[in-house]
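Before any comments, here is the structure.
Since the model is a prediction, treat every value here as computed from it, not as a measurement. Within every chain, numbering begins at 1; the chains are lettered A, B, ... in the order of the sequence lines, protein sequences first and strands thereafter. Computed over heavy atoms, backbone and side chain alike; hydrogens, waters and symmetry mates excluded.
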2 protein chains.
Amino acid sequence: MNTPTLESSLAEIVGAKNILTESEDIIPYSFDGTAAIKRLPRAIVFPSDAQQISEILKLARSQTPPVPVVTRGSGTGLSGGSVPVEGALVVCLTKMNRVLELDTANLTLLAEAGAVTQEIYDAADKAGLFYPPDPGSMRVSTIGGNVAENAGGLRGLKYGVTRNYVMGMEVVLADGSVCWLGNKCVKDVAGYNLRDLFIGSEGTLGIITKVLLKLLPKPAARQTLLATYAQMDAAAATVSDIIASKIIPCTLEFLDRKTIRCVEDFAHAGLPLDAEAVLLIESDGHAAAVADEAAQIEEIARKHGATSVRRARDSAEAAQLATARRSAFSALARLRPTTILEDATVPRSELAHMVRFVEGVATRHALDIATFGHFGDGNLHPTILTDERNTDEMHRVEAAMREIFDEALRVGGTITGEHGVGLAKKKFLPAQLGDASYTLLKNIKRALDPDGLLNPGKIFD
Amino acid sequence: MNTPTLESSLAEIVGAKNILTESEDIIPYSFDGTAAIKRLPRAIVFPSDAQQISEILKLARSQTPPVPVVTRGSGTGLSGGSVPVEGALVVCLTKMNRVLELDTANLTLLAEAGAVTQEIYDAADKAGLFYPPDPGSMRVSTIGGNVAENAGGLRGLKYGVTRNYVMGMEVVLADGSVCWLGNKCVKDVAGYNLRDLFIGSEGTLGIITKVLLKLLPKPAARQTLLATYAQMDAAAATVSDIIASKIIPCTLEFLDRKTIRCVEDFAHAGLPLDAEAVLLIESDGHAAAVADEAAQIEEIARKHGATSVRRARDSAEAAQLATARRSAFSALARLRPTTILEDATVPRSELAHMVRFVEGVATRHALDIATFGHFGDGNLHPTILTDERNTDEMHRVEAAMREIFDEALRVGGTITGEHGVGLAKKKFLPAQLGDASYTLLKNIKRALDPDGLLNPGKIFD
């Protein structure tokens, strides 16, 4: 009797039709949404439940040497978190994609990790409920990936990020044991909060297989405004003044001149081509509250010299404006072969300074950088339009990124607001965390995955 | 030259006037707000910053055998989390009590861990801002204790708990290293979320020394209602219907007949003495939204047979009603020598069932149990009025508690919604977590505090 190969043993676990090993089948799993990083895995498996994943992990660990395991969903990540290690086994959760339960009495939704974010939003919406996190990739991204990366979105200012909506999860640990963390209780302080440790752990501590989400009542009304500025500083001052006026809009987005032109060319939403900056602002809630808030916001925008303030007349126009903002990345990505989307984030009070700093960096390094982002969250997306084949230019990109991160940290910010560390930013992490915190992180990784089986080389080496 | 004693070395670190070693001075630090648990520490130190705490930890570890360290603030905890281990060194943070910064541009507040919760609320309030978490003990509790226990309060339904307002912290680890976790960014996904691991870790993983809190704009309006019921089920049905109607009030509190009578006798707030249950409901936000919400809530309450619905005419009457609810514990505590305040919590849909179950337990075990709590959160406070000197009765209390916890878990709940595990509930924790999660917890403790120096014997042995 022959010793079974890893591949045949995997086929035993997931079924022969749920494993890919041919090189032409494997290539699409060698990268994610992150520019310029590709690594070829050994095989892809599509498990159907936590039990299969437990067996896969035990099998991978039993190999000599152990075979690293990298988890992925739709592969929309922007920091290389789901790019395989060379020769790794990829566990792809896209076949575990069911919404399992919508509990309207407790306002919760239970889904498998491979469920698409948009489908979760839609399931809640149909029941008059609301799942607020809306990462840019939500039409294709999976909820498991959102949780593993703690994805943000356009509604972070008022509603927070994915973390704020995860009440519980099923997770398979590196040793193959299956845990439930959390429950449907609004309050629970029984033991350490390990649920929040797995949220944002980028597949390095365990494999999330089910997610229990908190839903909210759907806001009754919504108003979208577009404010146009001849100067970026005036836009930034508007944002500061809105917050200082104790107004927390649902959405407070910013596009710079380059992004505006590019988006308009792509999406034809009627953005003003002569503007230096636009703010896309959305207020939601009780109709009277929204009306008041929109009026106050318009007044503040005009006070700071907005050249125009356009209010969406109906939901179609609001959707058109939101789509314009949502298409920023795709629109910019058409300009040059390589698009590097950054997400340095700073305290809100440092926004204007940071946008100017990025402009200076672009000039100094002769780079094409467009900036847009979640201004209300201090979450900027300086987007470097470049060409990965041009070695000299890529050196300048590297230098520019380091300057941007250093400055973000100097003013109390972070190297990543919503995209994660993954492969793309791990060399910048020690500077942010400092020795004691960085050591603590490694200590946690060692405790939960002593053999370094799960997504090795991500976040840190 | 004599070898310095532990006490003299501690005095070197914190100054002679910041250490207590005489037994009459130590006794007040031998217990906290939890009934029937007392243990005498060896000494109490009052450090003034993280650096001193770092030195204290290194010194405690260097003893043979190492001296356990127990952190406390005001000692208002209800699960024995700050009760010393026999012979422990108590690190009391009440002298580190300053509010260090109120940043109105970023809506944050930085405080030392020993700052009193009420003072934080007041500092925010003065600036037109709002710190929502309001544990019952907030007039005396410290923010560090609130964070270590992840304290809840009356506004949890709409605003969440302490965890939802902690953006960052300074923490001294068991090895004496000092970490900063988090920052002023609304979004940050750089590395594992260790901040949330320390929140609710009950002093067993590190000593929290500073806390960076998120503030909200102060709600513009507020309306308080008191709905009276001849039957508990009608009150529970009202709560379910409010949530099903997509209304999330700020506060949704419940008092049973025994609590009502007791509170009225104590606080004279005009509660109806013939009621089986009252709901105290508060709506806050934009004035028009509050008016609509209050009207809808009143209609729902009447539909479910409320015998009366009283709307507070002004803030004085609202405050009187809130005080009535806030005094429930103190009022009940006068009745018998020992008051055991439980906080089993269930998904909201299981509330009516759980209240009835507690009534059945009281009857079966011939115990005096009054129930009140945060109905909107599913967070009940069955309060056992007993006498710790009566051994037979205490056996029945023990049996009753076990039945209540078992039932809470059976319906998907938790043994503790907001009080923590500490000493009081550690034997019930394994049943809630299951083997894999429980092992994971211990694994984390071992990784962060390998010598078991910090608050040993809490949460688990």
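- Heavy atoms closer than 4.5 Å to chain A are found in both the backbone and the side chain of B/Lys445.
- Options A/Gly200, A/Gly128, A/Ser79 differ in how many heavy-atom pairs under 4.5 Å they form with chain B, and the most are formed by A/Gly128.
- Across B/Ser437, B/Gly413, B/Gly376, the residue that shares the most heavy-atom pairs under 4.5 angstrom with chain A is B/Ser437.
- Neither the backbone nor the side chain of B/Tyr438 comes within contact range of chain A, judged by heavy atoms closer than 4.5 Å.
- Here B/Leu441 is the residue among B/Leu441, B/Ile459, B/Val421 with the most heavy-atom pairs under 4.5 Å with chain A.
- When each of A/Pro347, A/Ala105, A/Gly378 is checked for heavy-atom pairs under 4.5 Å with chain B, A/Pro347 comes out on top.
- When each of B/His374, B/His419, B/Glu202, B/Lys425 is scored by its heavy-atom pairs under 4.5 Å with chain A, the top score falls to B/His374.
- In this structure, chain A has heavy atoms under 4.5 Å from both the backbone and the side chain of B/Glu418.
- Note: A/Asp292 leads A/Thr439, A/Leu216, A/Asp292, A/Asp103 in heavy-atom pairs under 4.5 Å with chain B.
- Interface summary for chain B: among A/Leu129, A/Leu433, A/Leu440, A/Ile248, the most heavy-atom pairs under 4.5 angstrom belong to A/Leu440.
- Comparing B/Asp343, B/Thr204, B/Thr108 by how many heavy-atom pairs each has under 4.5 Å with chain A, the most go to B/Thr204.
- Below 4.5 Å, heavy atoms of chain A meet heavy atoms from B/Asn183, B/Lys184, B/Cys185, B/Val186, B/Lys187, B/Asp188, B/Val189, B/Ala190, B/Gly191, B/Tyr192, B/Asn193, B/Leu194, B/Asp196, B/Leu197, all part of residues 182-197 of chain B.
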Would you be so kind as to tabulate the donor-acceptor pairs closer than 3.5 Å made by side chains of residues 173-181 of chain A, with sequence neighbours excluded?
residue: A/Asp175; atom: OD1; partner: A/Ser177; partner atom: N; Å: 2.8
residue: A/Asp175; atom: OD1; partner: A/Ser177; partner atom: OG; Å: 2.6

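- Inspection of non-hydrogen atoms places B/Glu149, B/Asn150, B/Gly152, B/Gly153, B/Gly156, B/Val161, B/Arg163 of residues 145-163 of chain B under 4.5 Å from chain A.
- At a heavy-atom cut-off of under 4.5 Å, chain B is reached by A/Ile243, A/Lys246 from residues 239-246 of chain A, listed in order of number.
- Only the backbone of B/Ala127 comes within less than 4.5 Å of a heavy atom of chain A; no side-chain atom from C-beta onward does.
- Contact count versus chain A (heavy atoms, under 4.5 Å) is highest, among B/Gly434, B/Gly420, B/Pro217, for B/Pro217.
- Checking side-chain atoms of B/Asn106 against main-chain N and O of A/Ser349 turns up a donor-acceptor pair under 3.5 Å.
- By number of non-hydrogen pairs under 4.5 angstrom with chain B, the leading residue of A/Gly285, A/Ala220, A/Gly417, A/Ala436 is A/Gly417.
- The candidate with the highest count of non-hydrogen atom pairs below 4.5 Å against chain A, out of B/Asn164, B/Val171, B/Asp435, B/Leu107, is B/Leu107.
- Heavy-atom distances place no part of B/Phe130 under 4.5 Å from chain A, backbone and side chain included.
- Ranked by heavy-atom pairs shorter than 4.5 Å toward chain B, the options A/Ile415, A/Thr104, A/Leu429 are led by A/Leu429.
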